[in-house]
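All chains are named by letter (A, B, ...) in the order of the sequence lines, taking the proteins before the strands, and each is independently numbered beginning at 1.
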There are 2 protein chains.
Amino acid sequence: MPERRVTMADVARKAGVSPTTASFALSGRTDMRISDASRRRVLEAARELGYRPNVTARSLRTKSTQTIGFVSDRITTTPFAGEVIRGALEAARERDHLLFITEAGGDRAAESSLVHALLDRQVDAVIYASMFTRYVTPPKELFGRRVVLLNCLAPGFDAPSVVPDELEAGRDAARALLAAGHREGIWAIGGHQAVPATPEGIIAGNERMRGLEEVLRAGGARLDGVVECDWNTPDGHREVSALLAAGHRPRALVCLTDRVSMGAYQALGEAGLSVPGDVSVVSFDDQDIAAVLRPALTTLKLPHYQLGRRAVELILRKGPLEAVVHRVPMPLRERASIGAPAEG
Amino acid sequence: MPERRVTMADVARKAGVSPTTASFALSGRTDMRISDASRRRVLEAARELGYRPNVTARSLRTKSTQTIGFVSDRITTTPFAGEVIRGALEAARERDHLLFITEAGGDRAAESSLVHALLDRQVDAVIYASMFTRYVTPPKELFGRRVVLLNCLAPGFDAPSVVPDELEAGRDAARALLAAGHREGIWAIGGHQAVPATPEGIIAGNERMRGLEEVLRAGGARLDGVVECDWNTPDGHREVSALLAAGHRPRALVCLTDRVSMGAYQALGEAGLSVPGDVSVVSFDDQDIAAVLRPALTTLKLPHYQLGRRAVELILRKGPLEAVVHRVPMPLRERASIGAPAEG
DNA sequence: CCCCTTTGTTAAATCGGATTAGCAAGTTGC
DNA sequence: GCAACTTGCTAATCCGATTTAACAAAGGGG
C-alpha cells in the first residue's frame with residue numbers, strides 16, 4: 001500500500017507557514033509578497049519531504065490539467081505511423097504534458113464516447129489524427145474546443161491542420177529523376193487515385209502526381225504513362241508485369257508507395273531487369289522495407305515524427321489557434337535505386 | 001470558448017433536490033434511501049442537461065481516476081509492437097478507462113520523471129512495458145504501486161508479468177517441420193543469442209531454441225547446426241550464403257526472426273534454390289513482411305495485441321495482483337514456406 | 001502622535017463532486 | 001400516548017490545491 005502522498009499542507013506545516021504562503025512560495029508568483037526567508041523555508045521543506053503537487057487537485061481550480069487528448073482512427077496499427085505518436089509524445093514531454101492516446105477504429109460512436117471520456121478528464125486540448133491524409137468531419141463534441149487536425153483536413157471546422165507536403169514531394173521525385181538524366185520512358189505506378197480504393201490515395205495521389213508532372217514538364221521530360229492501381233505490393237507486381245508483357249520498356253518508375261515499389265522490384269526481377277541498371281525507381285513513404293530492399297530504395301519520406309511533433313508544438317503555443325494548413329516537408333531519402341537512364 | 005460545463009449542482013437545482021440527493025441518485029447507490037420519484041427526476045434532469053460527471057473532481061475524493069499509465073522504452077517505434085498499444089487501448093476502452101501513453105526511450109532519468117508525471121495525475125495503475133522481451137528493473141517510484149510488467153520480467157519486483165510463450169513457440173516450429181516430414185538437414189539461423197548483440201534475443205532466443213531442440217529430438221529428428229548471428233535481414237543473407245558456399249545443403253531453415261528469414265530468402269534465391277521446393281523455412285514474429293514475401297512465410301506470431309490486452313485486463317481485475325508470469329500463446333501462421341523435404 | 005502606506009501573512013472561499021452525520025416526518029410496537 | 005424505527009432527504013465536511021479578501025505589523029509623512 002503506497003504511503004500517503006505529501007500534500008502542500010504538510011509542507012506548510014513543516015515550514016511553519018500557512019498553506020497560502022506555501023502555495024505562493026511554491027508557484028513562485030511575484031504578485032504576492034513573500035519574504036525571501038519564508039520562501040526558502042518552504043522550498044526547503046518541499047524538497048526534504050519530496051513534495052509533488054497533485055495535478056488533479058490543482059486542475060479543479062485552475063482548469064488546466066497539463067494533459068492533451070489524442071484521438072485517431074487507427075494510428076498505432078499502421079506500421080510506420082507509430083512515429084506520429086512518438087513525435088507527439090516527445091514534444092509533449094519537453095513541455096511537461098502527458099498524452100491520453102485513444103483509437104476509435106473508424107467507429108463514429110466510439111469516437112464520440114472517447115472524446116467525452118477525454119473531456120470528462122479535463123484535457124486542455126485535443127489532437128484529432130488520421131492514419132492517412134484525408135478529409136474528415138470531427139465529432140460535434142470537439143466544436144469550439146482547442147483542436148489541431150493531424151494528417152487530415154476538415155473544411156468548415158475552425159482548426160489548424162498539419163499535413164505532409166505531398167505536392168513538393170512530387171516535385172522532388174521529378175527533380176531526382178531529372179538530375180540523374182531521365183527525360184523519357186518514365187512511368188508512374190499507382191496514379192492519382194482519383195476515385196481511390198486505397199484511402200491513403202485521396203489526397204496524396206493527386207498532389208504527388210501534380211507536383212511530379214509539373215516539374216517533369218518544366219524540365220523537358222515526358223511522363224510516358226500513368227498506371228492507375230491500388231497501392232499495395234501485389235498491385236505493383238501485377239501492373240509492372242503487365243506493363244512489361246505489353247512490350248513497354250520503362251527507364252524509370254515512379255511508384256506511389258514503397259509497397260508498390262516492392263511489387264515492382266519483384267516484377268522487374270522476374271523479367272531479368274536490374275535496378276537501377278535497367279530501370280530506376282523512385283518512391284514515396286519510406287517505410288521500413290525501403291532501406292532493406294536490394295537495392296535500397298530512394299524514396300520521399302512521410303514525415304510522421306515531425307507531424308506528431310508539430311501538432312503538439314502548435315497546440316501548446318499560447319494564444320488562439322488559427323485555421324491554417326501547415327505543410328511539413330517530405331525529405332528525400334537518397335539510396336541506390338536511381339541511376340542514369342539505360343542506353344537503347 | 002466552450003460554454004460552462006453542466007455540474008451536479010445544476011442537475012440538483014433543476015430536479016429540485018439537494019446536491020447530496022443528486023449525487024446518490026446518479027451513482028445509483030442503494031445503501032442510501034432515495035425515493036423512486038426523486039431518482040427519476042434527477043436522472044431526467046441529468047439527461048436533459050447532458051450532464052457528465054467531472055472525473056477529475058470526483059477523483060479528488062475517491063482517489064480513482066479511471067486512468068492507467070503506460071510506460072515503455074520505445075514501443076510505438078517498433079514497427080509491429082504498436083499492436084501492444086492497440087490491445088491495451090481496446091481493453092481499456094471496454095472498461096471505460098483511458099491510457100496515458102509515455103515513452104522514455106531507454107533513459108532512466110526520463111523514465112523516473114514520466115512515472116512522476118503519471119503519479120502526479122493520480123493514475124490508478126501503471127503498465128511497465130518493454131519493446132523486446134527482457135529483464136528489467138523498474139524505477140523505484142513504482143515500488144508498492146499497482147503495476148503489471150508487459151513483455152518483460154523483473155525478478156524481485158512484486159508484480160505480475162505478461163510475456164509471449166516462446167518455449168511453446170519453439171516446440172510448435174519443430175512440430176510444423178516434423179509434420180511436413182522433415183527429419184534431417186535442419187539448420188537454425190539466429191541461434192540462442194546467449195551473449196546477444198540484438199536485445200530481443202536475450203530471452204526469446206534461448207526459449208525458442210530450447211523448445212525447438214526438445215521436440216525435434218523427441219520426434220527422432222536432428223538439428224544439423226545452429227548459426228549464431230544477429231537477427232536482422234543482412235545477417236540472414238550473409239549467414240545463409242556462407243552456409244551454402246561451405247557446401248551444406250539444408251532441407252529446412254528455422255529462422256529466429258522474420259527479418260532473418262527475409263535475408264535467407266534473398267540468399268536462397270541468389271543460389272537458385274526455391275522455397276519450399278528445395279528448402280523449407282519456418283520463422284518467428286509474424287511481422288508485416290511475413291505475409292508479403294514470396295512465398296508467404298510460415299511463422300509463429302508474437303502475440304502483441306494479446307499482450308497489451310491481457311496486461312490491461314489483469315491490472316483492472318479486482319483485488320491484489322500476484323507476482324505470476326502469464327504466458328501468452330504464439331499462434332502458428334501457416335502459409336507457404338514449409339513443404340515436404342526435397343529428395344536428394 | 002495619528003494617519004497612510006507598504007510589507008508579509010493568513011483565514012476563508014472556491015473548484016465539482018463523494019461521504020458522513022443528522023434531522024424531520026411517518027410507522028410501528030406495546 | 002410515547003418510545004423506537006424507518007424512510008427520505010439535506011447540511012456540512014472533505015479531497016488538495018489556488019485565489020481573494022482582509023488583517024496585523026512596520027515604516028513614513030506631517
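Within the structure, every side-chain polar atom (N or O) of Ser38(A) is placed at least 4.0 Å from both OP1 and OP2 of dG8(C).
Using a 3.5 Å distance cut-off with no hydrogens or angles, the side chains of Thr21(A) and Ser18(A) do pair a donor with an acceptor. Between the side chains of Arg121(B) and Thr67(B), no donor-acceptor pair of N or O atoms lies under 3.5 Å.
Contacts of Arg95(A) classified as side-chain hydrogen bond (donor to acceptor under 3.5 Å, both in side chains), with partners at least two apart in sequence or in another chain: none. Contacts of Arg39(A) classified as salt bridge (charged side-chain N to carboxylate O under 4.0 Å, His left out), with partners at least two apart in sequence or in another chain: none. Residues satisfying the ring pair (Phe, Tyr, Trp, His ring centres under 6.0 Å) criterion with Phe100(A), sequence neighbours excluded, are Phe100(B). Scanning for ring pair (Phe, Tyr, Trp, His ring centres under 6.0 Å) contacts around Phe157(B) gives Phe143(B), with sequence neighbours left out. A search for side chain to side chain contact (heavy atoms under 4.5 Å, CB included) contacts involving Thr7(B) returns Arg4(B), Ala9(B), Asp10(B), not counting sequence neighbours. For Arg33(A), there are no side-chain hydrogen bond (donor to acceptor under 3.5 Å, both in side chains) partners at least two apart in sequence or on another chain. Taking Arg86(B) as the reference, Arg74(A), Thr76(A), Thr77(A), Glu103(A), Glu83(B), Glu90(B), Tyr305(B) meet the side chain to side chain contact (heavy atoms under 4.5 Å, CB included) condition, with sequence neighbours excluded.
When heavy atoms are screened at a 4.0 angstrom cut-off, Ser27(B) is found touching no nucleic acid atom at all. If you check every strand for non-hydrogen atoms under 4.0 Å, Arg29(A) touches sugar and phosphate atoms only. Heavy atoms of Ser59(A) sit nowhere under 4.0 angstrom from any nucleic acid atom.
The stretch residues 14-21 of chain A comes close to DNA chain C through Val17(A), Ser18(A), Thr20(A), Thr21(A), each having a heavy atom under 4.0 Å from the strand. Taking every heavy atom of residues 117-126 of chain A and every atom of DNA chain D, no pair lies under 4.0 Å.
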Sub-3.5 Å pairs of nitrogen or oxygen atoms, protein against nucleotides 25-28 of chain D:
none

Distances under 3.5 Å between protein N/O atoms and the N/O atoms of nucleotides 15-17 of chain D, please, pair by pair.
residue : atom : partner  : partner atom : Å
dC15(D) : O3'  : Lys63(B) : NZ           : 3.2
dG16(D) : OP1  : Lys63(B) : NZ           : 3.3
dG16(D) : N2   : Ala57(A) : O            : 3.2
dA17(D) : OP1  : Tyr51(A) : OH           : 3.1
dA17(D) : OP1  : Asn54(A) : N            : 2.8
dA17(D) : OP2  : Met8(A)  : N            : 2.6

What one-letter contact string describes nucleotides 22-29 of chain C from 5' to 3', where B marks a base within less than 4.0 Å of any protein heavy atom, S marks contact via sugar-phosphate atoms alone, and - marks no contact?
--------
